[in-house]
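Each remark here refers to the structure printed beneath this line.
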Amino acid sequence: MSRLTGRAGGPAATPPQPTRELTAVSADGSRLHVEVYGPEGAPAVVLAHGWTCSIPFWAAQIRDLATDHRVIAYDQRGHGRSPLPGPGGYSTDALADDLEAVLGATLAPGEKAVVAGHSMGGMTIMAAAERAGFREHAVAALLCSTGSGRLVAESTVVPLRPSRLRTRLTKAILGARAPLGPVTPLSKRILKYATMGPGAAPERVEVCARVVHACPRPSRVAWSHVLAGLDLSAGVRELTVPAAVIAGTADRLTPPVHARALAAELPQCVGLVELTGTGHMTPVEAPEAVTAKIRDLVTAYARPARTKEEAV
């Protein structure tokens, strides 16, 4: 395990223009908005964002990596430009279906990619670990600010000792149906307390607030119920590709206890990094550290795509 500071350059609110946009269709017919950046033939990286977020959450990683990688980012169902799913469309199985659909729509048969997931995106990777489509395309994984279960019980958003009362209060807060409303100084202070480190720069808080507040309320509430009952321990054991783990030491939503458990249980954990003073929103709070870890995984495990001549 290594410890790094979370200081890095300030991220912009939006990624660059994609080179291509497409729609992937999941197993239940749900349509997923996908954006592709960077040069064709470059090593591929797939980004799966977390609960209440969307593609712009990865803006810093996309800007950096797209210079010499083919970066594939998608909006999880019910987030960003991906429509709300139909009844029964919220589950970890659906998340796995969606990732398989994105991989199949953007990668050639047998083509490999490093798959990085933040929060619910990391849970998506765990849920898909045993799927044939994931195993065909994933060469390595990054699990960023995530956990496989007991999310509500371990959360420290409510400043009480672990207890049934704290668990009930946390579940009620995270699953609240009240609209988030506009981004205001008060709402930014609340978001910063719950999801970011105490030293997070104002512009980074602003980025996260605008992304999170744009999430449709039905999606936010429905996914909170799924996450409250999460148990992906079997998926962790099935994640047999080399996997790195990143966590913020000041993360209240998924405290470092989750990252340490993942590092201990993954079949091929290739490193645990704890970012000192960083909260839950690590790709925005510590963009350079997250991007560097993705680059490390590409360098260590991903092969450049074959040219047409090599494929003959």
Side-chain angles (χ1 to χ4, degrees), residues 6 48-54 57-58 76 79 92 95 116-127 142-163 165-176 178 180 187-200 204-205 207-215 217 219-232 236 245-263 272-287 289-290:
H49 68 74
W51 177 50
T52 74
C53 295
S54 57
F57 184 80
W58 293 107
Q76 300 264 26
H79 295 73
T92 54
L95 293 176
H118 169 259
S119 190
M120 193 173 79
M123 298 162 200
T124 300
I125 293 172
M126 293 179 240
L142 175 62
L143 302 177
C144 192
S145 307
T146 192
S148 62
R150 292 184 52 80
L151 301 181
V152 175
E154 298 288 359
S155 170
T156 59
V157 169
V158 177
L160 297 174
R161 292 182 178 181
S163 64
L165 173 62
R166 189 182 78 170
T167 299
R168 287 199 301 272
L169 291 174
T170 302
K171 186 175 182 179
I173 291 169
L174 298 182
L180 296 182
S187 70
K188 286 188 286 188
R189 286 198 296 272
I190 293 171
L191 180 83
K192 179 180 178 181
Y193 166 79
T195 69
M196 304 182 78
R204 300 182 187 187
V205 178
V207 167
C208 288
R210 296 203 175 278
V211 169
V212 169
H213 280 241
C215 181
R217 177 170 50 170
S219 179
R220 170 170 56 84
V221 174
W223 283 117
S224 75
H225 296 322
V226 173
L227 300 181
L230 190 77
D231 182 2
L232 292 172
V236 177
V245 183
I246 287 182
T249 63
D251 187 344
R252 290 186 172 93
L253 284 178
T254 53
V257 62
H258 293 292
R260 295 165 192 162
L262 289 173
L272 165 61
V273 176
E274 295 190 11
L275 299 170
T276 302
T278 302
H280 184 67
M281 302 301 210
T282 41
V284 173
E285 293 182 74
V290 172

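Since the model is a prediction, treat every value here as computed from it, not as a measurement.
Residues Pro198 and Gly277 come closest through the heavy atom pair CD-O, 3.9 Å. Contact record, Met281 with Cys53: CE-SG, 4.4 Å, taken as the closest heavy-atom pair. Across all their heavy atoms, Ser148 and Val236 have their closest contact at CB-CG2, 3.6 Å. The heavy-atom pair separating Ile125 from Leu142 by the smallest distance is CD1-O, 3.9 Å. The two residues Trp51 and Met120 come nearest to each other via the heavy atoms N-CB, 3.5 Å. Nearest approach of Thr282 to Ala247, heavy atoms of both residues: CG2-C, 4.4 Å.
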### Task
Using the side-chain hydrogen bond (donor to acceptor under 3.5 Å, both in side chains) rule, take Ser155 and Thr170 through it: C-alpha gap first, then chi angles, then the decisive distance, then the call.
CA-CA 7 Å; Ser155 170; Thr170 302; 4.7 Å; no
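Distance CG/Leu253 to CG/Leu151: 9.0 Å, rounded to 0.5 Å. In this structure, the separation between CG on Leu174 and CH2 on Trp223 is 15.5 Å, given to the nearest 0.5 Å. In this structure, OG1 on Thr146 lies 9.0 Å from CG on Leu227, to the nearest 0.5 angstrom. The OG atom of Ser187 lies 8.5 Å from the CZ atom of Arg210; values are rounded to the nearest 0.5 Å. Atoms CG and CE, on Leu95 and Met123 in that order, are 9.5 Å from each other to the nearest 0.5 Å. The distance from atom CD of Gln76 to atom NE2 of His49, rounded to the nearest 0.5 Å, is 5.0 Å.
In this structure, Ser163 has no side chain to side chain donor-acceptor pair (under 3.5 Å) partners at least two apart in sequence or on a different chain. Every residue two or more places apart in sequence or in another chain was checked for a side chain to side chain donor-acceptor pair (under 3.5 Å) with Arg217, and none qualifies. In this structure, the side-chain contact (heavy atoms from CB on, under 4.5 Å) partners of Lys192, at least two apart in sequence or on a different chain, are Met196, Ala200, Val205. For the salt bridge (charged side-chain N to carboxylate O under 4.0 Å, His left out) test, residues two or more places apart in sequence or in another chain that qualify with Arg150 are Glu154. For Leu180, the side-chain contact (heavy atoms from CB on, under 4.5 Å) partners two or more places apart in sequence, or in a different chain, are Val212, His213, Arg220. Partners of Ile173 by side-chain contact (heavy atoms from CB on, under 4.5 Å), not counting sequence neighbours, listed by chain and number: Val158. Applying the side-chain contact (heavy atoms from CB on, under 4.5 Å) criterion to Thr92, with sequence neighbours excluded, gives Ala127, Val226, Leu230, Leu232. In terms of the ring pair (Phe, Tyr, Trp, His ring centres under 6.0 Å) criterion, residue partners of His280 (sequence neighbours excluded) are, by chain and number, His118.
Among pairs with a residue in residues 167-176, none fulfils salt bridge (charged side-chain N to carboxylate O under 4.0 Å, His left out), at least two apart in sequence or across chains.
In this structure a side-chain-to-backbone donor-acceptor pair under 3.5 Å is present from Glu285 to Gly279.
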